[in-house]
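Before any comments, here is the structure.
When reading the values below, keep in mind they use all heavy atoms of this one structure, side chains included, and skip hydrogens, waters and symmetry mates. Just so you know, these numbers come straight off a predicted model, no measurement behind them. So that the names make sense, note that chain A is the first sequence line, chain B the second, and so on, each numbered from 1.
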Number of protein chains: 2
Amino acid sequence: MEQYKRKEDCPLTFALTLIGSKWRLPIIWALWNGKILRYNELKRRIDGITNMVLSQSLREMENQGLILRKQYMEIPPRVEYSLTKDGEALIPSLESLAKWGKAMQNK
Amino acid sequence: MEQYKRKEDCPLTFALTLIGSKWRLPIIWALWNGKILRYNELKRRIDGITNMVLSQSLREMENQGLILRKQYMEIPPRVEYSLTKDGEALIPSLESLAKWGKAMQNK
DNA sequence: CTGGATCCTAGACGATACTG
DNA sequence: CAGTATCGTCTAGGATCCAG
């Protein structure tokens, strides 16, 4: 395995910056289950998240290429969110990690 | 896939509480490469970590079952750290995640 | 309906010094 | 050598209100 002079260069550390903060996984998870969700649908599925955090997270994740944002020019406004291909590619790793987490929980 | 009423019940969220904070991965990584390391060896391999953070992280990870601490009753003191079986079981998931992270970095 | 702006706090993390 | 103690900093996230 390779060594990285800076932690930031490590792909694993980099991956965690994309999914490691508090609400990232719930958002990804909701989109994985919901496939395509409007803003408020998403919000309702993620218990306890505020507008502030949700909208900000979505914007960041869009910039990072995890999430697709599609805006319809209608009144009232409609915006739909979904995972990108890259975002979906993350799922198997998460399932692997979840499997380990589940084993750890049962100890 | 299952739904969890509370985020804390999700095995994936739980897994991230074990490895998600700033220095957990570097520690795990150093032990994965070093197999068995004394406190100061470990510290030298993790650039920038302080005694405070390292010792505290090690104690927590020991309690969580990720790390094994073996203390020899000698003068001067010797303490060796290594990954437990459970800690080692985490590695494949991390490698999967790292692979995804690397692909994301190259975009 | 889909957010943005503002203000605030807790907890993680850092720096430095010290000890059995 | 292998840690603790203490104190200071800093930022992610929470609460509330507002807007196109």
Side-chain angles (χ1 to χ4, degrees), chain A residues 6-8 10 13-31 34 36-64 66-82, chain B residues 6-8 10 13-31 34 36-64 66-82:
Chain A
R6 304 175 181 186
K7 291 194 311 300
E8 308 79 48
C10 170
T13 299
F14 177 73
L16 274 200
T17 66
L18 299 184
I19 64 165
S21 62
K22 183 172 181 185
W23 294 100
R24 294 294 179 101
L25 285 183
I27 292 172
I28 291 170
W29 197 247
L31 283 177
I36 300 179
L37 294 175
R38 299 181 60 166
Y39 182 87
N40 273 337
E41 286 176 326
L42 195 46
K43 182 157 188 271
R44 256 178 268 118
R45 287 175 185 231
I46 305 173
D47 195 47
I49 197 170
T50 65
N51 280 330
M52 186 64 209
V53 173
L54 178 55
S55 65
Q56 192 172 316
S57 301
L58 287 171
R59 220 179 321 120
E60 290 168 2
M61 294 166 84
E62 188 195 2
N63 292 333
Q64 291 159 347
L66 294 177
I67 280 186
L68 194 68
R69 179 182 188 275
K70 186 163 186 190
Q71 178 169 5
Y72 297 84
M73 284 313 190
E74 305 172 356
I75 305 288
R78 177 159 60 114
V79 181
E80 289 177 348
Y81 292 94
S82 56
Chain B
R6 303 176 181 186
K7 291 193 310 299
E8 306 81 47
C10 170
T13 299
F14 177 73
L16 274 200
T17 66
L18 299 184
I19 64 165
S21 63
K22 184 172 181 184
W23 293 100
R24 295 293 180 102
L25 286 183
I27 293 172
I28 291 171
W29 197 246
L31 283 177
I36 300 178
L37 294 176
R38 299 180 60 164
Y39 182 88
N40 274 335
E41 287 176 325
L42 195 47
K43 181 159 188 268
R44 259 178 267 116
R45 288 176 185 231
I46 304 174
D47 194 47
I49 198 168
T50 64
N51 279 331
M52 187 65 208
V53 172
L54 178 55
S55 66
Q56 191 174 316
S57 302
L58 287 171
R59 221 178 319 120
E60 289 168 3
M61 293 167 85
E62 187 194 2
N63 292 334
Q64 291 158 350
L66 295 177
I67 280 186
L68 194 67
R69 179 182 189 275
K70 187 164 184 188
Q71 179 169 5
Y72 298 84
M73 283 313 190
E74 304 174 356
I75 305 287
R78 176 157 61 113
V79 181
E80 291 177 346
Y81 293 94
S82 56

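Of the candidate nucleotides dC1(C), dA15(C), dC1(D), dC1(D) has the atom nearest to the side chain of Asn40(B). Considering only side-chain atoms of Lys22(B), the nucleotide from dG13(D), dT6(C), dG14(C) that sits closest is dG14(C). Between dA15(C), dC1(C), dC1(D), one nucleotide has an atom nearer to the side chain of Arg38(A) than all others, and that is dC1(C). Relative to the side chain of Arg69(B), the nucleotides dG3(C), dG3(D), dG13(D) differ in distance, and dG3(D) lies closest.
Between Ile49(B) atom CD1 and dT16(C) atom P the separation is 17 Å, expressed in whole Å. Note: CD (Glu74(A)) to C1' (dG20(D)) measures 16 Å, nearest angstrom. Nucleotide dG13(D) holds its P atom 12 Å from the CG atom of Leu25(A), rounded to whole Å. Rounded to an integer number of Å, the gap from NZ of Lys70(B) to C1' of dC1(D) is 18 Å. With rounding to whole Å, Glu80(B) atom CD is found 9 Å from dA2(D) atom P. Spacing between atom CD of Gln71(A) and atom P of dG20(D) amounts to 16 Å, rounded to whole angstrom units. In this structure, Ile67(B) places its CD1 atom 15 Å from C1' of dA2(D), rounding to the nearest Å. Here the C1' atom of nucleotide dG4(C) and the CE atom of Met52(A) are 7 Å apart, to the nearest Å.
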Side chain to side chain contact (heavy atoms under 4.5 Å, CB included) assessment of Trp29(A) paired with Cys10(B): CA-CA 11 Å; Trp29(A) 197 247; Cys10(B) 170; 6.0 Å; no
Test Asn51(B) against Lys43(B) for side chain to side chain contact (heavy atoms under 4.5 Å, CB included), laying out the working first. CA-CA 8 Å; Asn51(B) 279 331; Lys43(B) 181 159 188 268; 3.2 Å; yes
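Glu80(A) and Tyr72(A) are linked by a side-chain donor-acceptor pair at a separation below 3.5 angstrom, with hydrogens and angles left out of the test.
For the pair Ile36(A) and Glu41(A), the tightest heavy-atom approach, listed with the atom from each and the gap, is O-OE1, 4.2 Å. Leu16(B) approaches Gly20(A) most closely through the heavy-atom pair CD1-CA, 4.2 Å.
Taking for each of Arg44(B) and Ser55(B) the nucleotide of DNA chain D with the nearest heavy atom, the 5'-most of the two is the partner of Arg44(B). Checking Pro77(A) against Gln56(A), the closest nucleotide of DNA chain C that is more toward the 5' end is the one next to Pro77(A).
None of Leu37(A), Ile27(A), Leu31(A) except one satisfies the side-chain contact (heavy atoms from CB on, under 4.5 Å) rule with Tyr81(A); the exception is Leu31(A).
Recorded end-axis angle for the helix from dC1(C)-dG20(D) to dG20(C)-dC1(D) stands at 50°, based on five pairs per end and rounded to 10 degrees.
Between Arg24(A) and dG13(D) there is no side-chain polar atom (N or O) within less than 4.0 angstrom of OP1 or OP2. Between Trp23(B) and dA12(C), a side-chain N or O to OP1/OP2 separation shorter than 4.0 Å is absent. The phosphate of dG3(C) (OP1 or OP2) has a side-chain N or O of Tyr81(A) nearer than 4.0 angstrom. For Arg59(A) and dG4(C), the shortest distance from a side-chain N or O to OP1 or OP2 is below 4.0 Å. For dG3(D), neither phosphate oxygen OP1 nor OP2 lies less than 4.0 angstrom from any side-chain nitrogen or oxygen of Asn51(B).
Within the structure, every pair that satisfies the salt bridge (Lys or Arg N to Asp or Glu O under 4.0 Å) test and touches residues 51-61 of chain B, not counting sequence neighbours, is listed here: Arg24(B)-Glu60(B).
At the heavy-atom level, Tyr72(A) lies nowhere under 4.0 Å from the strands shown.
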